[in-house]
Q: 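Have a look at this one before I ask anything.
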Amino acid sequence: MSKRPMLSLLLAMAACTCAQAKQPDAPTASVTLHDTSITVELATNAASREHGLMGRTGLAPDHGMLFVFPDTQPRWFWMKNTLIPLDILYFDGHRKLVSMQLDVPPCKADPCATYPSDMPARYVLELAAGEARHIGARVGDVLAIDADLGAVR
């Protein structure tokens, strides 16, 4: 086999292997919601928030992504290029859970539906579908973040 096809094969295998893994440069943190510890990737800038969990083929039950915005305002998410169903939990500036969109399906074709928060939010936690119900998350719960979030842009 020549070098070029072998390189293509190796790159394709690496892409498949990484589809469930976190982004290589994504910082992680531990959060606690309703007495449950969750390891999250942090999305603290526009590029990481825009990419989110796109392209992932799985998400462990005790893992998720925490989107951190520089301000509190009405938020909505969509599932374009997201391959797995998710729970989307919205938190205000005091990290109080203000809204949940549960069992949100992947978007298979444009136009993709949007999933808004009922109240303005600053933090958004995405978990594998069914996890919010499994841990007993309720509106009013407070999200504890065990990390320095650094610069949020």
Q: Could you state whether Leu97 and Ile145 fall into the same hydrophobic cluster, counting links through intermediate Ile, Leu, Val, Met, Phe, Trp or Tyr residues with side-chain heavy atoms under 4.5 angstrom apart?
A: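 Linked within one cluster.
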Q: What's the shortest heavy-atom distance between Pro106 and Thr82, and which atoms?
A: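 That would be CB-O, 3.0 Å.
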Q: From Arg75 CZ over to Thr114 OG1, what is the distance, rounded to the nearest 0.5 angstrom?
A: 14.5 Å
Q: Does Tyr123 have its ring centroid less than 6.0 Å away from the ring centroid of Tyr90?
A: no
Q: Please identify each residue that fulfils side chain to side chain donor-acceptor pair (under 3.5 Å) with Arg133, with sequence neighbours left out.
A: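 If we apply the side chain to side chain donor-acceptor pair (under 3.5 Å) test to Arg133, skipping adjacent residues, the hits are Asp103.
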Q: State plainly whether one hydrophobic cluster holds both Ile88 and Leu59, where clusters connect Ile, Leu, Val, Met, Phe, Trp and Tyr through side-chain heavy atoms under 4.5 angstrom apart.
A: yes
Q: Using a strict cut-off of less than 4.0 Å between a Lys/Arg side-chain nitrogen and an Asp/Glu carboxylate oxygen, indicate whether Glu126 and Arg56 qualify as a salt bridge.
A: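 Judged by the 4.0 Å cut-off on N to carboxylate O distance, Glu126 and Arg56 do not form a salt bridge.
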Q: Quick check on the hydrophobic clustering: are Leu125 and Ile135 connected, directly or via other members, by side-chain heavy-atom contacts under 4.5 Å?
A: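 Yes, same cluster.
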Q: Using side chain to side chain contact (heavy atoms under 4.5 Å, CB included) as the criterion, list what pairs up with Asp35, not counting sequence neighbours.
A: none
Q: With no hydrogens and no angle check, is any side-chain donor or acceptor of Arg95 less than 3.5 Å from a backbone partner on Val142?
A: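 Pair absent, no side-chain N/O of Arg95 close to backbone of Val142.
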Q: Going by the rule side chain to side chain contact (heavy atoms under 4.5 Å, CB included), which residues pair with Ala46 if we only count those two or more places apart in sequence or in a different chain?
A: Arg49
Q: Can you list everything that forms a side chain to side chain contact (heavy atoms under 4.5 Å, CB included) with His34? Sequence neighbours excluded, please.
A: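 Result, side chain to side chain contact (heavy atoms under 4.5 Å, CB included) vs His34: Arg138, Asp141.
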Q: Please check: side-chain N/O of Ser99 versus main-chain N/O of Ser117, any donor-acceptor pairing under 3.5 Å?
A: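 Not a single qualifying donor-acceptor pair exists.
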Q: Looking at CG of Leu89 and CG of Leu102, how far apart are the two atoms once the value is rounded to the nearest 0.5 Å?
A: 6.5 Å
Q: So, for Val152 and Val68, which heavy atoms are closest and what is the spacing to 0.1 Å?
A: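 Closest approach of Val152 to Val68, heavy atoms only: CG1-O, 3.4 Å.
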Q: Heavy atoms only: give me the nearest Ala113-Trp78 pair and the separation to one decimal.
A: O-CB, 3.3 Å
Q: May I ask you to test the Val31-Leu66 pair for a side-chain heavy-atom distance under 4.5 Å?
A: yes
Q: How long is the gap from CD on Glu41 to NE2 on His51, to the nearest 0.5 Å?
A: 10.0 Å
Q: With sequence neighbours excluded, tell me which residues meet side chain to side chain donor-acceptor pair (under 3.5 Å) with Lys80.
A: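 Once residues adjacent in sequence are excluded, the partners of Lys80 under the side chain to side chain donor-acceptor pair (under 3.5 Å) criterion are Asp110.
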Q: Between Arg122 and Phe91, is NZ or CZ placed under 6.0 angstrom from the six-membered ring centre and within 45° of the ring axis?
A: no
Q: Check whether Leu127 and Met100 end up in the same hydrophobic cluster, where Ile, Leu, Val, Met, Phe, Trp and Tyr are linked by side-chain heavy atoms less than 4.5 Å apart.
A: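 Same cluster.
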Q: With sequence neighbours left out, what residues match Ser30 under side chain to side chain donor-acceptor pair (under 3.5 Å)?
A: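 If we apply the side chain to side chain donor-acceptor pair (under 3.5 Å) test to Ser30, skipping adjacent residues, the hits are Ser37.
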